Structure formats: structure tokens, C-alpha cells
Amino acid sequence: MAIVAATSENIDRAATLLRKGGVVAFPTETVYGLGANAFDVNAVARIFDIKGRPSFDPLIVHVLDDAMLRRVVEDIGPQAAALIQHFWPGPLTLVLPKRSEVPDLVTAGLPTVGVRMPAHPVARALLERSGMPLAAPSANPFGRLSPTRAAHVERGLGDGPDLILDGGPSPVGLESTIVAVDLRPALLRRGAIAAEDLEAVVGPLERPPEDPANAPLSPGRLPQHYAPRTPIRILDFEPVPSAERAEAGALAFRAAPAGYAAVRVLSAAGDLREAAGRFFESLHELDLAGVTRIDAEPLPERGLGAAMMERLRRATFSA
Ligand code: AMP
Ligand code: MG
């Protein structure tokens with residue numbers, strides 16, 4: 001069994017593996033990541049292999065501090081600097097011009113690299129002890145639900161990673177928000193930091209289209225993503241006849257609907273932050289509940305609610 005508790009000793013073991021070109025799954029505040037030395041092409045290639053990820057989808061590089069950031073990116077303009085100042089360490093990924101040392105495999109051949117400074121103490125300890133930036137996408141099979149626990153990683157990837165560090169459930173539970181900072185900053189993916197909070201710092205962001213079918217097929221914006229194995233649809237529970245409920249699961253926002261075979265409530269208090277923390281966890285549980293379909297109730301389209309709706313739409317999308 002490759003899962004070990006994230007003790008100081010095991011973090012050292014993981015750091016040693018990373019220095020030798022290994023691939024290690026570790027907790028971050030957003031979701032669990034599958035990490036390798038960002039400068040080691042062979043190690044990065046193993047990430048794609050383990051995830052079954054198409055090589056045109058770029059990875060996020062995790063850095064410990066400003067010095068490590070400078071090893072990865074070429075320059076940081078005033079708007080990126082303002083976002084870094086306000087939101088790092090934390091669940092915000094910035095897309096910035098890359099240094100030539102960053103392999104093309106990491107960025108899918110793009111001249112830019114997605115970088116983030118995580119806040120999770122285990123992720124930070126691993127970055128510090130390995131001494132290198134870590135390229136780390138979410139530690140799940142490509143296109144599937146993101147993992148918020150070590151057990152989700154093991155269920156999805158088996159013994160693919162050399163080690164899985166168990167640091168408990170990811171406290172935020174949703175992926176980072178991704179912003180490209182060119183002349184005008186653009187929101188590439190909604191996530192754990194609400195777009196409104198970013199706009200309070202840098203002004204209006206260009207927004208992605210809400211319907212995934214209309215999203216351009218730029219790297220990492222594949223319409224089908226974050227999907228459970230069970231078919232899922234988004235709808236109000238009320239009109240669903242009881243015959244259709246008996247074999248289905250329900251993902252509810254505040255109140256449990258009657259008659260479903262399995263129900264998960266995201267936040268009885270209607271708190272979007274609490275809901276985000278339970279979101280992937282609840283989908284994983286419903287996916288394992290043996291139901292034939294999952295009905296998901298629409299969430300309020302603001303802040304983290306908009307980020308969860310983006311994921312639900314992608315989960316329901318079939319081309
Ligand atoms: P994940 O690490 O699984 O949350 O996914 C990483 C995502 O980051 C990709 O799917 C892209 O959407 C985004 N990303 C990373 N680097 C870039 C980049 N250079 N340009 C645009 N998007 C990026
Ligand atoms: Mg992912």
C-alpha cells in the first residue's frame with residue numbers, strides 16, 4: 001500500500017523520491033496533486049502516463065516562495081504582482097511567461113506556465129525539502145472527479161504514484177481559480193477564489209463562456225471534465241417523479257429531497273464555502289453508492305457557487 005501518513009519522516013522520504021525523478025501524490029488546500037520535479041522531463045512524462053492525460057493539457061507548477069517562482073517565470077507585471085500580494089499563498093493559479101528552462105511538456109508547448117504558491121503545510125514542507133518547483137495536476141485519472149482525500153487518489157490511480165502522502169481531507173476542496181495575466185487579465189477557470197474577489201484587486205476580468213459547449217478548445221478547457229462514472233444531470237428536484245428517484249442519487253444544496261436512493265446535502269446553512277468543501281467528496285460518495293444516475297440541484301451562480309456549477313456543467317457534458 002503506497003499511502004503513508006504525512007509525518008515529517010515520510011515527507012523527507014517523498015522529497016528524496018522527487019529528487020530521484022519519482023512521482024508523489026500530496027495534499028494541497030484545493031485537491032490532492034500528483035507531483036514531479038518540474039525541470040525533469042522524464043518525471044513529468046510519468047505524470048501524464050499515470051493520469052492517462054493528453055499531452056496537450058498543461059500542468060500547474062507549484063512553488064514555495066518568490067525565489068522559486070523566479071526559476072519558473074520570466075517576468076511578473078504589476079497586475080500579477082498585485083494578485084500575488086493579495087492571494088498567495090493560496091488557491092490562485094497565474095498564467096505567466098515561462099522561462100526557457102521549463103520543459104515544453106509541462107506547458108503543452110505554450111510560451112506561458114501556470115504557477116501557484118500553495119498554502120497547505122504538507123505541500124509547503126514537500127517543496128521546501130525537495131528544493132524544487134513541482135509540476136502537479138490533480139491526482140485523478142484524466143477527466144474524472146478531483147481527489148480531496150488520499151483514498152480517492154488510491155482508488156483512481158492505484159499504485160501508479162511512488163508514494164501517496166495522506167494529510168487528511170483537502171480543506172478547500174475545489175481546484176484553484178486560474179487567471180491569465182496579459183494586457184487584460186482573463187479568468188480561464190473558475191475555482192476556489194471567487195472571481196468577484198479577484199476583480200476587487202485588478203478590475204474586470206474577461207470571463208469564460210458559461211456553457212462548456214461554447215468554450216474554445218484551448219488547453220485544459222476540454223468540455224468533458226470532472227465527471228463521475230455515473231451519468232449526471234442538473235435539474236430542480238421538484239418535478240422529478242418518485243419512480244425516477246428510487247434508483248437515483250441526489251446532490252442537494254441545502255435540503256434533502258425525499259425518495260432518492262442516496263442523498264448528499266452540501267450545506268444545510270446555505271454556505272457556499274462549506275458546500276465547496278463537500279462538493280467532490282459528495283460526488284465521490286454518490287458515484288460509489290450504486291445508483292444509476294445522479295441528479296444535481298443548481299447552485300447559486302455567484303462566488304464558489306459559479307465555480308461548482310462550472311464543474312457540474314462539464315460533468316454533464318457529453319460531446
Ligand atoms: P489541474 O492541475 O488538473 O487542475 O489542471 C491544470 C489546468 O491549468 C489545465 O487544465 C489548464 O486549464 C490550466 N493551465 C495550466 N497552464 C496553463 C497555461 N500555460 N495556459 C493556460 N492554461 C493553463
Ligand atoms: Mg484536474
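This structure is a prediction, so every number in the text was calculated from the model and none was measured. As the structure lists them, so they are numbered: ligands from 1, and atoms in each ligand from 1. In this chain, residues are counted from 1 in sequence order.
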Ligand 1 to I178, heavy atom cutoff 4.0 Å, flagged ligand atoms 7 (C), 8 (O), 13 (C)
Closest heavy-atom pair, L94 versus A80, reported as atoms and distance to 0.1 Å, is CD1-O, 4.0 Å
Counting from 1 in the order shown, the ligand 1 atoms closer than 4.0 Å to a non-hydrogen atom of D57 are 9 (C), 10 (O)
Counting from 1 in the order shown, the ligand 1 atoms closer than 4.0 Å to a non-hydrogen atom of T112 are 18 (C), 19 (N), 20 (N)
Per-atom filter on ligand 1: closer than 4.0 angstrom to a heavy atom of S138 are 1 (P), 2 (O), 3 (O)
Discussion item. Between R189 and S176, do the side chains contain a donor N or O and an acceptor N or O under 3.5 Å apart?
Written reply: yes
### Query
With a 3.5 Å cut-off and no angle check, do the side chains of R278 and T148 form a donor-acceptor pair?
no
If we number the atoms of ligand 1 from 1 as shown, the ones under 4.0 Å from a heavy atom of L110 are 18 (C), 19 (N), 20 (N)
If I take every N, O or S atom of S146, is at least one of them less than 2.8 Å from the Mg ion (ligand 2)?
no
So the atoms of ligand 1 within less than 4.0 Å of a heavy atom of L188 turn out to be 21 (C), 22 (N)
Quiz prompt | Exam field: side chain S170 to backbone G173, donor-acceptor pair closer than 3.5 Å | solution = no
Below the 3.5 angstrom mark, is there an N/O of T107, backbone or side chain, next to an N/O of ligand 1?
no
| field | Any donor-acceptor N or O pair under 3.5 Å, side chains R129, S8 | value | yes
| said: Using the rule that Ile, Leu, Val, Met, Phe, Trp and Tyr join whenever any side-chain heavy atoms are under 4.5 Å apart, tell me whether V41 and V113 fall into a single cluster. | reply: yes
Nitrogen or oxygen of R189 less than 3.5 angstrom from that of ligand 1: yes
Note: ligand 1 atoms sitting under 4.0 Å from heavy atoms of G114 are 16 (N), 19 (N)
| request: Could you walk me through whether Y260 and F237 pass ring pair (Phe, Tyr, Trp, His ring centres under 6.0 Å), step by step? | output: CA-CA 10 Å; Y260 278 93; F237 296 131; 5.6 Å; yes
